[in-house]
S.K.: 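Below is one structure. I have some questions about it.
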Amino acid sequence: MKLERETIELGTDIRHAVIWLHGLGADGNDFVPIVPELKLDKSIGVRFIFPHAPSRPVTLNNGYTMPAWYDIISLDRSKNASEDDILTTVGWINELIEEQIQLGIEPENIIMAGFSQGGVIALHTALRYPKRLGGLMALSTYFPFADEVLAKLPKGYDQIPVFAAHGTHDPVIPVAWWEDYVPKLEKHGFEVLSKTYPMEHSVHPSEIQDMGMWFRDVLTDSTD
């Protein structure tokens with residue numbers, strides 16, 4: 001599926017791409033206003049891509065149709081999604097990655113980012129993609145089927161830098177779910193910059209500052 005998207009380019013010599021996925025019920029415009037707040041130098045040359053999830057009925061919301069990356073079946077973290085459903089969406093995001101590679105961007109210069117449902121897809125995409133990507137940002141999310149994914153992790157993928165953030169008062173995705181998946185990543189060798197913020201299921205001003213610093217570090221390292 002060719003996903004509609006919003007695109008922002010910083011600089012004219014584009015050498016990096018960030019594919020940023022929104023949460024349930026939102027759309028690609030959700031995180032567009034954050035880009036200027038990251039305070040990234042245009043000399044880095046980065047393209048931000050914010051795809052729109054297709055609308056579909058969501059079981060947990062009584063079948064109400066809304067933008068969703070996958071169906072949410074229940075509140076039980078271990079049983080609230082179908083792995084096949086998630087992998088279908090991962091295939092769509094893989095097409096976006098391939099599109100950027102065809103435009104001349106190296107896989108190691110492509111970062112996956114996502115909030116909530118989008119974070120789930122970002123995790124599965126970055127850790128399953130056939131080539132190692134350049135970074136992974138997981139915001140207010142969780143990692144279903146983590147054990148299965150990490151058991152098949154290709155060699156060298158633990159070098160992918162990870163930023164994992166969560167709200168300590170999140171009523172939608174409890175912080176305990178963040179406390180579950182971050183150590184699993186660390187156990188497999190990932191260097192995770194893990195942060196919590198005094199917020200609910202949202203984005204905190206301090207978090208945006210930290211995201212900006214993380215992006216600068218990762219994008220600058222990949223340029224060197």
Side-chain angles (χ1 to χ4, degrees), residues 1-5 18-28 30-31 49-100 107 110-133 135-154 157-158 160 162-166 170 172-174 176-182 184-185 188 190 192 201:
M1 176 183 289
K2 185 173 177 62
L3 297 171
E4 298 296 320
R5 81 291 301 262
V18 176
I19 300 174
W20 200 325
L21 310 180
H22 62 78
L24 178 67
D27 64 24
D30 206 25
F31 282 88
I49 302 147
F50 301 94
H52 303 286
S55 292
R56 61 184 297 171
V58 176
T59 301
L60 188 64
N61 290 348
N62 297 316
Y64 185 78
T65 298
M66 61 177 63
W69 295 114
Y70 56 89
D71 188 20
I72 297 181
I73 303 166
S74 75
L75 291 173
D76 183 339
R77 176 186 49 174
S78 63
K79 301 175 182 177
N80 76 350
S82 157
E83 188 173 17
D84 287 343
D85 196 359
I86 289 173
L87 292 180
T88 295
T89 302
V90 167
W92 302 338
I93 306 305
N94 285 350
E95 291 178 14
L96 275 180
I97 295 173
E98 290 296 328
E99 192 178 285
Q100 295 308 304
I110 297 175
I111 294 173
M112 283 303 312
F115 175 84
S116 194
Q117 251 206 352
V120 171
I121 300 300
L123 280 158
H124 276 267
T125 301
L127 302 183
R128 291 176 181 266
Y129 191 71
K131 300 172 185 175
R132 182 167 61 82
L133 301 182
L136 171 59
M137 178 175 283
L139 308 174
S140 299
T141 191
Y142 66 111
F143 193 0
F145 312 106
D147 294 336
E148 293 89 335
V149 175
L150 293 172
K152 300 176 183 177
L153 195 69
Y157 276 43
D158 56 0
I160 298 174
V162 179
F163 179 86
H166 214 96
D170 193 331
V172 178
I173 299 177
W177 296 12
W178 170 87
E179 293 169 340
D180 177 75
Y181 82 83
V182 168
K184 289 181 179 180
L185 291 174
H188 278 79
F190 288 88
V192 183
H201 198 60

S.K.: If we only count heavy atoms from C-beta on, is the F190 to L150 side-chain gap below 4.5 Å?
M.R.: yes

S.K.: Any sub-3.5 Å donor-acceptor pair from H166's side-chain atoms to I173's backbone N or O?
M.R.: yes

S.K.: When you look at CD of E4, are more than 12 heavy atoms from neighbouring residues, nucleotides or ligands closer to it than 6.0 Å?
M.R.: no

S.K.: Roughly how far, to the nearest 0.5 Å, is NZ of K131 from CD1 of I110?
M.R.: 9.0 Å

S.K.: Name all residues meeting the side-chain contact (heavy atoms from CB on, under 4.5 Å) criterion together with S82; count only those two or more places apart in sequence or in a different chain, and write none if there are none.
M.R.: D84, D85

S.K.: Got a sec, which residues hit side chain to side chain donor-acceptor pair (under 3.5 Å) with Y129, two or more places apart in sequence or on another chain?
M.R.: E98

S.K.: Just jot down the side chain to side chain donor-acceptor pair (under 3.5 Å) partners of E83, sequence neighbours excluded, or say none.
M.R.: R128

S.K.: Starting at CD1 of I93, measure out to CE of M1 and round the result to the nearest 0.5 Å.
M.R.: 10.5 Å

S.K.: Does any N or O in the side chain of H52 come within less than 3.5 Å of the main-chain N or O of D27, such that one atom is a donor and the other an acceptor?
M.R.: no

S.K.: Return the minimal non-hydrogen interatomic distance between G63 and P57, and the atom names on each side.
M.R.: O-CB, 3.4 Å

S.K.: Look at the side chain of R5 and the backbone N and O of L3, then say whether any donor-acceptor pair between them is shorter than 3.5 Å.
M.R.: yes

S.K.: Quick check for you: to the nearest 0.5 Å, what is the distance between S116 atom OG and I72 atom CD1?
M.R.: 7.0 Å

S.K.: Applying salt bridge (charged side-chain N to carboxylate O under 4.0 Å, His left out), name anything that partners K184, two or more places apart in sequence or on another chain.
M.R.: D147, D180

S.K.: Applying ring-ring contact (aromatic ring centres under 6.0 Å, His included), name anything that partners H188, two or more places apart in sequence or on another chain.
M.R.: none

S.K.: From I49 CD1 over to I111 CD1, what is the distance, rounded to the nearest 0.5 angstrom?
M.R.: 11.5 Å

S.K.: Does K2 have any salt bridge (charged side-chain N to carboxylate O under 4.0 Å, His left out) partners at least two apart in sequence or in another chain, and if so, which?
M.R.: E99

S.K.: For P67 versus A26, what's the shortest heavy-atom pair and its separation?
M.R.: CB-O, 3.2 Å

S.K.: List the residues meeting side-chain contact (heavy atoms from CB on, under 4.5 Å) with A165, not counting sequence neighbours, and say none if there are none.
M.R.: L139, F163, Y197, E207

S.K.: Considering all heavy atoms of both residues, which atom of S74 and which atom of N80 are nearest to each other, and what is their separation?
M.R.: O-CB, 2.8 Å

S.K.: Looking at A126 and L133, what are the two nearest heavy atoms and their distance?
M.R.: CA-CD1, 4.0 Å

S.K.: Do the non-hydrogen side-chain atoms of F50 and H22 ever get within less than 4.5 Å of each other?
M.R.: no

S.K.: Return the orientation label for the H124 and F145 ring planes: parallel under 30°, perpendicular over 60°, tilted otherwise.
M.R.: perpendicular

S.K.: Does the Y64 side chain pair with the main chain of T59, one donor and one acceptor, at a distance under 3.5 Å?
M.R.: no

S.K.: Would you check if P51 and W69 make a side-chain contact, meaning some heavy-atom pair closer than 4.5 Å?
M.R.: yes

S.K.: Hey, does R132 have a side-chain heavy atom less than 4.5 Å from the side chain of P154?
M.R.: no

S.K.: What residues, two or more places apart in sequence or in another chain, satisfy side chain to side chain donor-acceptor pair (under 3.5 Å) together with S55?
M.R.: none

S.K.: Do M112 and I121 touch side chain to side chain, with heavy atoms closer than 4.5 Å?
M.R.: no

S.K.: Are L127 and L185 close enough that some pair of their side-chain heavy atoms sits under 4.5 Å apart?
M.R.: yes

S.K.: Using the test side-chain contact (heavy atoms from CB on, under 4.5 Å), find all partners of T141 that sit at least two apart in sequence or belong to another chain.
M.R.: V120, L123, A138, Y181

S.K.: Run the side-chain contact (heavy atoms from CB on, under 4.5 Å) test against A113 and tell me which residues pass, sequence neighbours left out.
M.R.: V18, W20, M137

S.K.: D158: which residues meet the side chain to side chain donor-acceptor pair (under 3.5 Å) condition with it, sequence neighbours left out?
M.R.: none

S.K.: Provide the closest heavy-atom pair for V192 versus A164 in the form atom of the first, atom of the second, distance.
M.R.: CG1-CB, 3.9 Å

S.K.: Less than 4.5 Å apart, any side-chain heavy atom of I97 and any of T125?
M.R.: yes

